[in-house]
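Below is one structure, written out as structure tokens; the observations come after it.
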Amino acid sequence: MPELPEVETTLRAIKSFEQYSVESIKVYNPNLRWKIDKNINKKIGGTKIRKIFRRAKYIIFDLNSYQLIVHLGMSGTLRIADIKDNFFKKHDHVELIFKKNKLIYNDPRRFGSIHVTESYDKHFLISKLGPEPLSKDFSKTYLYEKTRKSNTSIKNFIMNQSHVVGIGNIYASEILFKSSVDPRRKAKTISLIECEKITENSKIILQKAIQVGGTTLKDFYSAEGSAGYFKIQLSVYDREDQACVNCKNLITKIILNQRAAYFCNKCQG
DNA sequence: ATCTACTCCTGATTGC
DNA sequence: TGCAATCAGGAGTAGA
């Protein structure tokens, strides 16, 4: 669910917690994708958040001597609640307690994760990540060179976080549609011109999605708890058998690398 | 080095 | 209406 724009939206909503001290951290259920460190409260309780930032789809809390690496998986959300608010939602697993309010990590499927580390950039989840799609490192020449020997589909390629981060299943289909590239094409057959379209359109689409607060399909809520439902106009994703916005041809859905892929076989022929 | 298939888990939707 | 089968946005891992 959360791709880069959703994570960025969450980040912006909780940025105001910078400089706050974490009074304590409560773990109701440590069984996320990886078990949460038993000593998490000892390590970060009582310490101040210096900075909150995003790397790929991870939100990183930089505390005095530790960093918290939070991933929302497919169904995770962070929401802000008042300290006096004792309303408990199903699947609330962790609470970061502050003086006046708290940040609550909720994740029905528990595919997300929370790690405590002393140097996040060396962490196994972070160290092998590719460039940020909105940075100039994600350029046409980078993508062109990187794809030359790849036999996997271009859609699978751009969803691989070691090549470029932040692109998930929804935006992969959207980016390739806007770039007029068939998602099934082998990555190594993509031309330099097409690499330029893909990198440029990635930036445009992700930026636009961030502006409207992230896409949402079913269960994305902004950190404030309101339905973060500004669902951007999706051109192909989840539009099987509906008219292509360009040519009225019907949108095709296939399973590619075990994931749903949507495209227009005329525009992306 | 690359790639594919499998896997974790709950909830919403679909089909009978 | 009820119940079972199917599917879902992520991504590490084993094994080819």
Side-chain angles (χ1 to χ4, degrees), chain A residues 1-10 28-36 54-59 69-78 89-94 105-115 123-130 133 145-177 183-190 205-206 209-210 213-222 227-232 234-241 253-262:
Chain A
M1 161 211 111
E3 301 185 35
L4 187 145
E6 290 76 21
V7 177
E8 180 68 25
T9 300
T10 300
Y28 299 106
N29 183 356
N31 301 308
L32 303 184
R33 182 155 190 199
W34 290 273
K35 215 172 180 70
I36 298 177
R54 180 187 61 73
R55 172 71 176 110
K57 299 176 193 171
Y58 298 91
I59 292 177
I69 304 174
V70 177
H71 195 283
L72 301 174
M74 291 226 280
S75 57
T77 54
L78 279 172
K89 272 190 172 173
K90 196 173 182 185
H91 307 301
D92 282 351
H93 305 313
V94 177
Y105 180 89
N106 181 290
D107 186 3
R109 289 175 76 178
R110 288 186 278 121
F111 283 177
S113 62
I114 298 180
H115 284 92
H123 194 271
F124 78 102
L125 290 172
I126 307 288
S127 63
K128 297 194 177 88
L129 294 172
E145 282 162 22
K146 195 100 181 163
T147 46
R148 284 318 81 194
K149 286 176 180 171
S150 175
N151 280 307
T152 199
S153 68
I154 184 62
K155 172 170 177 285
N156 198 44
F157 188 93
I158 61 172
M159 286 173 65
N160 184 328
Q161 306 297 298
S162 68
H163 299 144
V164 56
V165 302
I167 299 173
N169 206 36
I170 297 176
Y171 293 116
S173 279
E174 294 297 313
I175 289 162
L176 294 175
F177 171 74
R184 296 168 293 186
R185 296 247 315 268
K186 283 189 178 211
K188 67 179 177 190
T189 70
I190 304 299
I205 287 173
L206 293 173
I210 290 169
T215 312
T216 320
L217 282 161
K218 293 191 172 81
D219 51 4
F220 173 68
Y221 288 85
S222 70
Y229 226 113
F230 313 93
K231 185 167 180 176
I232 61 163
L234 296 177
S235 300
V236 286
Y237 186 84
D238 207 23
R239 295 194 66 242
E240 185 182 19
D241 292 334
K253 175 190 179 181
I254 57 165
I255 299 299
L256 183 61
N257 305 97
Q258 276 84 248
R259 308 300 296 275
Y262 297 84

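In what follows, chains are A, B, ... by sequence order, proteins preceding strands, each numbered from 1.
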Quick one: closest heavy-atom pair of A/R184 and A/S153, and the distance? O-CB, 4.1 Å
Quick one: label A/N151 by what it contacts on the DNA or RNA (base, sugar-phosphate, nothing), any heavy atom closer than 4.0 Å. sugar-phosphate
Which nucleotide wins on minimum distance to the side chain of A/W34, given the candidates B/dG11, C/dG12, C/dA8? C/dG12
Classify A/K253 by what it touches in the nucleic acid, base, sugar-phosphate, or nothing, heavy-atom distance under 4.0 Å. sugar-phosphate
Whole angstrom value for the distance that separates C1' of C/dC7 from OH of A/Y262: 10 Å
Would you say C/dG12 has OP1 or OP2 under 4.0 Å from some side-chain N or O of A/K128? no
Quick one: label A/Q161 by what it contacts on the DNA or RNA (base, sugar-phosphate, nothing), any heavy atom closer than 4.0 Å. sugar-phosphate
Within the structure shown, what part of the strands sits under 4.0 Å from A/N160 by heavy-atom distance: base, sugar-phosphate, or nothing? nothing
Scan A/R33 against the nucleic acid and name what it touches under 4.0 Å (heavy atoms): base, sugar-phosphate only, or nothing. base
For atom CG of A/N169 and atom P of C/dC7, their distance in whole Å: 15 Å
Answer with yes or no whether A/R110 presents, from its side chain, a donor or acceptor under 3.5 Å of a partner atom in the base of B/dC9. no
For residues A/K155 and A/S173, report the shortest heavy-atom separation together with the two atoms involved. CE-OG, 3.9 Å
Are A/I158 and A/L176 close enough that some pair of their side-chain heavy atoms sits under 4.5 Å apart? yes
Which nucleotide in B/dT10, C/dG12, C/dG10 has an atom nearest any side-chain atom of A/H91: B/dT10
I need the CG-P distance between A/N156 and C/dG9, as an integer number of Å. 13 Å
Kindly say whether A/A260 contributes a backbone atom to a donor-acceptor pair with the side chain of A/N169 at under 3.5 angstrom? yes
Please tell me if A/R109 has a side-chain N or O lying less than 4.0 Å from either OP1 or OP2 of C/dA8. no
Please work out if A/K188 contacts a base, only the sugar-phosphate, or nothing of the nucleic acid, heavy-atom cut-off 4.0 Å. nothing
Separation of A/I255 atom CD1 from C/dC7 atom P, in whole Å? 8 Å
Measuring to OP1 and OP2 of C/dA11, would you say a side-chain N or O of A/H71 lies under 4.0 angstrom away? yes
Just to confirm, is there a sub-4.0 Å distance from OP1 or OP2 of B/dT4 to any side-chain nitrogen or oxygen of A/N257? yes
Under a 3.5 Å cut-off for both contacts, is C/dC3 paired Watson-Crick or G-U wobble with anything, and if yes, with which nucleotide? B/dG15
Pick base, sugar-phosphate or nothing for A/F157, based on heavy-atom distances below 4.0 Å to the nucleic acid. nothing
Between C/dT6 and B/dC6, how far apart are the two P atoms, rounded to whole Å? 15 Å
Could you tell me how far B/dT14 sits from C/dG9 if I compare only their P atoms? Round to whole Å. 15 Å
Given C/dA11, is OP1 or OP2 found less than 4.0 Å from the side-chain N or O atoms of A/K57? yes
Kindly point out which of C/dA8, C/dG10, B/dT4 is positioned nearest to the side chain of A/T152? B/dT4
Looking at A/S150, I'd like to know whether one of its side-chain N or O atoms comes within less than 4.0 Å of OP1 or OP2 on B/dC3. yes
Please walk me through it: do A/N106 and A/K90 pass side-chain hydrogen bond (donor to acceptor under 3.5 Å, both in side chains)? CA-CA 8 Å; A/N106 181 290; A/K90 196 173 182 185; over 6 Å; no
According to the 5.5 Å centroid and 30° plane-angle thresholds, does A/F111 stack upon the nucleobase of C/dG10? yes
I'd like to know if the side chain of A/H163 reaches the main chain of A/F157, judged simply by a donor and an acceptor atom lying under 3.5 Å from each other, with no hydrogens or angles considered. yes
